[in-house]
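Only one structure is covered here, and it is reproduced in the block below.
By convention in this document, chain letters (A, B, ...) are assigned in the order of the sequence lines, proteins followed by strands, and residues within each chain are numbered from 1.
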Amino acid sequence: MTDKNMRFLVVDDFSTMRRIVRNLLKELGFSNVEEAEDGQVALHKLKSSQFDFVVTDWNMPNMTGIELLRAVRADPTLKHLPVLMITAEAKKENIVEAAQAGASGYVVKPFTAATLDEKLAKIFQNMNK
Amino acid sequence: MSDQAINSGDNDELQALFDSIVNAGASKPAAAPPPAAAQAVVDDASSRAAAFTAAIETLDEPARSMFSSIGQLTRKVHDALREMGYDKSLEKAAAAIPDARDRLAYVATLTEQAANRTLNAVDAAQPLLNRIESDSATLQADWDKLFAKQLSLDEFKNLVGRTREHLKTSAHGAKVTNEQLLEIMMAQDFQDLTGQVIKKIVDMAKEMEGALLEFLVQFSPAGMGGGAPQKTLAEIDSSLENGPVYKTDGRTDVVTDQAGVDDLLASLGF
């Protein structure tokens, strides 16, 4: 059983998209959600407090989602964190790049609540293995 | 390009173009003109035509006739552009870019506002509906008990009172929810506004494209005109930060939906 209290960090430079993801997570029972507007802010938050899950966009100023992902995987204290990418980048190259960098899942925008639910479930399943 | 420059029939662009044609010709070994003559053409702008003619006189065939036809062609193209108003349309196209930028900023603002309005309305209506839902469930359970003759008279009185209160709350909740739905509907008006603005930008882009393409066709050396824009597109494509794919027709390097993402990852063993 998934801990509904787990702490999410939603990273996107568009506040509306952060809001939508936050609402969808709430709909799925996860209401412990923090936000960051780019990779740099996100990395700072991840290092300064405890999180259980990262949902990130790709294309952002200062530090992109893929850079954030690499930084997380390179950090011994953070590398275990599941990172789900939710992005409009739909090139195969992008998807392969993300998978190779260690993304836990990849969702293309526009997406539905059902897709998010399914990807989260799959990631939790893999975590519990 | 200022009006004055256009009216005088002479300007820096024409000079630069002229120079580039002269230099391009000079680089071809078979048709190489004497360097001194070519230099004179470039340096002396006022007596350029005369110098050009003189320079041509010093050349042998077929270089002579080639340079002479290039000169005539250049003049013809320049005059034709003016007659057909291309200089004006290019000027218009250049002036339209800041306008397009502003329009796009407007589209971004409007769509953001619409998204926020909609999300606010959802935030306002959801708690009310949640309450009506949970109250209804509780009341229904109590009414079921009544029909199973499990309620005392006092409990029944209490139930009736709560039911009455619930009906009032529900009516209010429905009214507020309706208002929020209306708000959501109204927030979609951005579609109309941004649609119009985007249509204008598309028209403008078409106009610009036409003018620039015409310009390229007239002026670029043979074999270069068509290739350049395609190369630019390929350059943009090689980046990993392209944003939404707004056109998937004829592209094999992108996925079109989530199923495509999942299939690709599965095929790679992720």
Side-chain angles (χ1 to χ4, degrees), chain A residues 12-24 26-27 31 38-39 57-67 69-70 84-119 122-123 126, chain B residues 105 107-127 129-130 133 180 184 187-188 190-191 194 233-270:
Chain A
D12 201 309
D13 51 337
F14 276 85
S15 68
T16 44
M17 190 42 73
R18 290 201 301 270
R19 231 177 132 175
I20 288 170
V21 173
R22 180 196 272 271
N23 275 342
L24 288 175
K26 201 170 133 196
E27 202 64 32
S31 43
D38 63 41
D57 184 24
W58 183 307
N59 200 347
M60 293 178 291
N62 299 324
M63 187 186 206
T64 64
I66 194 80
E67 285 164 0
L69 173 61
R70 292 204 180 101
L84 174 64
M85 300 206 72
I86 300 184
T87 168
E89 305 294 339
K91 279 177 73 178
K92 291 176 180 173
E93 263 177 87
N94 287 88
I95 300 161
V96 172
E97 182 97 9
Q100 284 170 348
S104 314
Y106 199 101
V107 173
V108 280
K109 293 178 193 169
F111 65 102
T112 64
T115 304
L116 182 63
D117 191 15
E118 185 199 321
K119 297 302 155 205
K122 200 175 154 198
I123 293 170
N126 289 338
Chain B
V107 169
T109 311
L110 275 185
T111 49
E112 192 191 354
Q113 279 171 359
N116 278 326
R117 268 177 82 184
T118 307
L119 292 167
N120 283 339
V122 171
D123 281 354
Q126 241 171 6
L129 291 177
N130 285 342
E133 192 188 2
Q180 296 304 331
I184 290 174
Q188 311 309 310
F190 80 93
Q191 178 56 44
T194 56
L233 206 70
E235 273 165 14
I236 292 168
D237 265 353
S238 67
S239 142
L240 284 176
E241 277 140 37
N242 304 299
V245 180
Y246 48 86
K247 207 173 152 191
T248 53
D249 297 353
R251 287 188 67 175
T252 54
D253 62 331
V254 298
V255 297
T256 52
D257 54 12
Q258 186 61 37
V261 178
D262 297 346
D263 290 347
L264 177 65
L265 287 176
S267 75
L268 293 167
F270 287 104

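The candidate from Thr111(B), Val122(B), Asp123(B), Thr118(B) with the greatest count of non-hydrogen atom pairs under 4.5 Å with chain A is Asp123(B). Top candidate by heavy-atom pairs under 4.5 Å with chain A, chosen from Leu119(B), Asp257(B), Leu268(B), Leu264(B), is Leu119(B).
Under the 3.5 Å distance criterion, the side-chain polar atoms of Gln258(B) are left unmatched by any main-chain donor or acceptor of Phe111(A). Listed for the Asp12(A) side chain is no donor-acceptor partner under 3.5 Å among the backbone atoms of Arg18(A). Within the 3.5 Å criterion, the main-chain N or O of Phe190(B) finds a donor-acceptor partner in the side chain of Thr194(B).
Residue Glu97(A) touches chain B through its side chain alone, counting heavy-atom pairs closer than 4.5 Å. Neither the backbone nor the side chain of Thr256(B) comes within less than 4.5 Å of any heavy atom of chain A. In this structure, no portion of Thr87(A) lies under 4.5 Å from any heavy atom of chain B. For Lys92(A), the parts sitting under 4.5 Å from any heavy atom of chain B are the backbone and the side chain alike.
Neither side chain, Asn130(B) nor Gln126(B), offers a donor N or O lying under 3.5 Å from an acceptor on the other.
Of the options Leu84(A), Ile86(A), Asn94(A), a side-chain contact (heavy atoms from CB on, under 4.5 Å) to Tyr106(A) is made by Asn94(A) and by none of the others.
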